[in-house]
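Heads up: the structure comes next, in structure tokens.
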Amino acid sequence: MKIKEQFAADLQKQFGEHLDRHNIYHLIEVPKQQEHGDLAFPCYTLSGKLRRNPALIAQEAANQLEDAAGYEKVEAVGAYLNVFLNKQLTASAILARIMEEKNNYGNSQVGQGDVVVMDMSSPNIAKPFSLGHLRSTVIGHSLSLIAEKRGYKTVRINHLGDWGTQFGKLIAAYKKWGSEEKVKQNTIQELLALYIRFHEEAEHSPALEEEGRLWFKQLEEGHADALALWKWFRAESLQEFERIYKLLGVSFDSDNGEAFFNDKMQRIVDILEEKQLLTESEGAMVVDLSEDNLPPCLIKKSDGATLYATRDLAAAVYRKETYHFGNSVYVVGNEQSLHFQQLKAVLRKMGYSWWEDIRHVSFGMILKEGKKMSTRKGKVILLEDILQEAIELAKTNIEEKNPGLADKQSVAENVGVGAVVFHDLKNHRHNDIEFSLEDMLRVEGETGPYVQYTFARARSLLRKGGYQPAAEEVNGCDREAWPVVKQLDAFPAVINRAAEQDDPSQIAKYVVDLAQAFNKYYAGTRILEEGKWKGQRLALTFAVSIVLKEGLRLLGIHAPEEM
RNA sequence: GGCUCCAUAGCUCAGGGGAUAGAGCAAUGGUUUCCUAAACCAUGUGUCGCAGGUUCGAAUCCUGCUGGGGCCA
């Protein structure tokens, strides 16, 4: 990144009259072919402005640049100006910077302490933790870590699905068939079974539906019996989710879910009424959004019940007033994009200038045979089972490859969970994912364990080489290390891109690229061999280990020292 | 029907308007008296969904079409 900026500055000296710095920087590219150098500048745009042959422009620019410091070779090839950087100088600068900054390499202060509220994970209590919630959790977690690295403060909110008529049904079902012991033992599965049974039996017995409604009414009115059960379901569910969060290394600043906003919705309705934004439509109260080309936003049903949107409006306002956010991010599936458009539009109409600071970071669904996975029917894939299976597989691999390893369980957890998390983050969040256990458990190729393995090997080298970071004078690198050095240089730019696009996959891809570059180097160069390069090679290895670990950390993945 | 997302190698996906479109998986073959073989190397594959347009230049930007996903009191 630094080197590209330098190149842009040098070009600006020549072409500043015709192109500004930003344009020049944007035109610079990294050539695909190694023979084309480290950076290239195509002269077509200048050719248009100067009305001259681009090849001539490139040639002249090459002649002028030749003397500038930092370049090993400058070459005009057709319309391209190709530069080869001075490897010793550049490598020294990059490595020195990483040695000095260590895991702070890539940090910035663009956030200036601004608060980002991250609505993430948000599973429904009494229901299994789905793979969709896994996506929200790991994407949100990674984005908040990235934001923190850029100087933002984050507030992670687990907006639990802990309210709704289904809890009336659940209480009814529990009262009829439930067992305290079973629920305690296996909360989610037991509650889900009760819920399914309720629906099955309700088909033949309408009285049951009525009973469910009654229980929900009692819950809403705060009757002790109903409330106690609901609280218990909630606490037991949360406890079970906590096991998953612990494995994922995720924690929250708030688990205020839907129920928390029960007493905060009337205020929203009042404001909407006061501002005369409510209109009646088919007996319901709605906010008309036709000027935004959106369907009306439902605020209150004909029976007076408030709706999802009202609750989210209350939550948005509450978060603004409580956390004073600069940005409020919702990591929620893309099937809800209309809802968030409506939410923003209503907030704007309510006169909240911060409506623009609300961002829906959407993601694709997990599909099964090309279709949306259904949580009904009881045929669900439990995330926890997948994680356990991944951990078992990692354990098997350890027994086979490194049986003497200390602390096998924790390493297996890091690697198994790393595989699942990386699999979720490596592709762009917009893409739908076809469910494949095989892919999730994969440990070779572009996977989390591959990157972790590369890190572990690097650490092993440093141990065996008795490397002491502070003692080492960084001075250049051998020729074979150059691709690795260039990759190291790119890290800060990758973090920025990931942040600007709310896209953790940028970092996942980067970390694979760096690992590939280093593995290639490792395969061809004996790092621990005594000789003039040994110190530099170890310094490079150290820098790689820092960046791999930090990149993985930003994805929410641990990097064990050995595996 | 309206809005929206997607279409690149057999599969999963990268490709910030630029040079010969790349990885991984899968397949085949090779590399450990030597730093962890969860690694590395080699081999093959493409009407970048279709048709126009903008541009010196389009997988990339625009429009339309086809096919698929999603959302819409």
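The structure displayed is predicted, hence computed values, not measured ones. Every chain is numbered from 1, with letters handed out A, B, ... down the list of sequences.
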Taking Watson-Crick (N1-N3 plus N6-O4 or O6-N4) and G-U wobble (N1-O2, O6-N3), each under 3.5 Å, can you produce the dot-bracket string of RNA chain B? Use [ ] for crossing pairs and | for inter-strand ones. (((((((..((((....[...)))).(((((.......))))).....(((((..]....)))))))))))).
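B:A58 sits 24 Å from B:U45 when the C1' atoms are compared, rounded to a whole Å. B:G15 and B:G52 have their P atoms separated by 28 Å, with the value rounded to a whole Å.
Sorted by first and then second residue, the ring pair (Phe, Tyr, Trp, His ring centres under 6.0 Å) pairs with a member in residues 401-433 of chain A read A:H428-A:H430; sequence neighbours excluded.
Within 6.0 Å of the CD atom in A:E35, the count of heavy atoms belonging to other residues, nucleotides or ligands exceeds 12.
Of all the residues in residues 504-524 of chain A, A:Q506, A:K509, A:Q516, A:N519, A:K520, A:Y522, A:A523 reach under 4.0 Å from RNA chain B with at least one non-hydrogen atom. Shown for residues 454-466 of chain A: residues whose heavy atoms fall under 4.0 angstrom of RNA chain B, namely A:A456, A:R457, A:S460, A:L461, A:K464. Near RNA chain B, defined here as any heavy-atom distance below 4.0 Å, the residues from residues 554-563 of chain A are A:E562, A:M563, listed numerically.
Using a distance-only test at 3.5 Å, with no hydrogens or angles considered, no donor-acceptor pair links the side chain of A:S136 to the main chain of A:H133.
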Per-nucleotide protein contact string for nucleotides 1-6 of chain B (B base, S sugar-phosphate only, - none; heavy atom under 4.0 Å): ------
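Among residues two or more places apart in sequence or in another chain, the side chain to side chain contact (heavy atoms under 4.5 Å, CB included) test is passed with A:R52 by A:L50, A:L56, A:I57, A:E60. Take A:E399 and apply the salt bridge (Lys or Arg N to Asp or Glu O under 4.0 Å) test, not counting sequence neighbours, and it matches A:K408. A:A517 is linked by a side chain to side chain contact (heavy atoms under 4.5 Å, CB included) to A:V484, counting only residues two or more places apart in sequence or in another chain. Considering only residues two or more places apart in sequence or on other chains, A:F261 meets the ring pair (Phe, Tyr, Trp, His ring centres under 6.0 Å) condition with A:H159, A:Y318. With sequence neighbours left out, A:D503 forms a salt bridge (Lys or Arg N to Asp or Glu O under 4.0 Å) with no residue at all.
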Could you pull out all donor-acceptor pairs under 3.5 Å where a side-chain atom in residues 338-347 of chain A meets a protein atom, sequence neighbours excluded?
residue, atom, partner, partner atom, Å
A:H339, NE2, A:D312, OD2, 2.7
A:Q342, NE2, A:P295, O, 2.9
A:Q342, NE2, A:P296, O, 3.3
A:K344, NZ, A:I358, O, 3.0

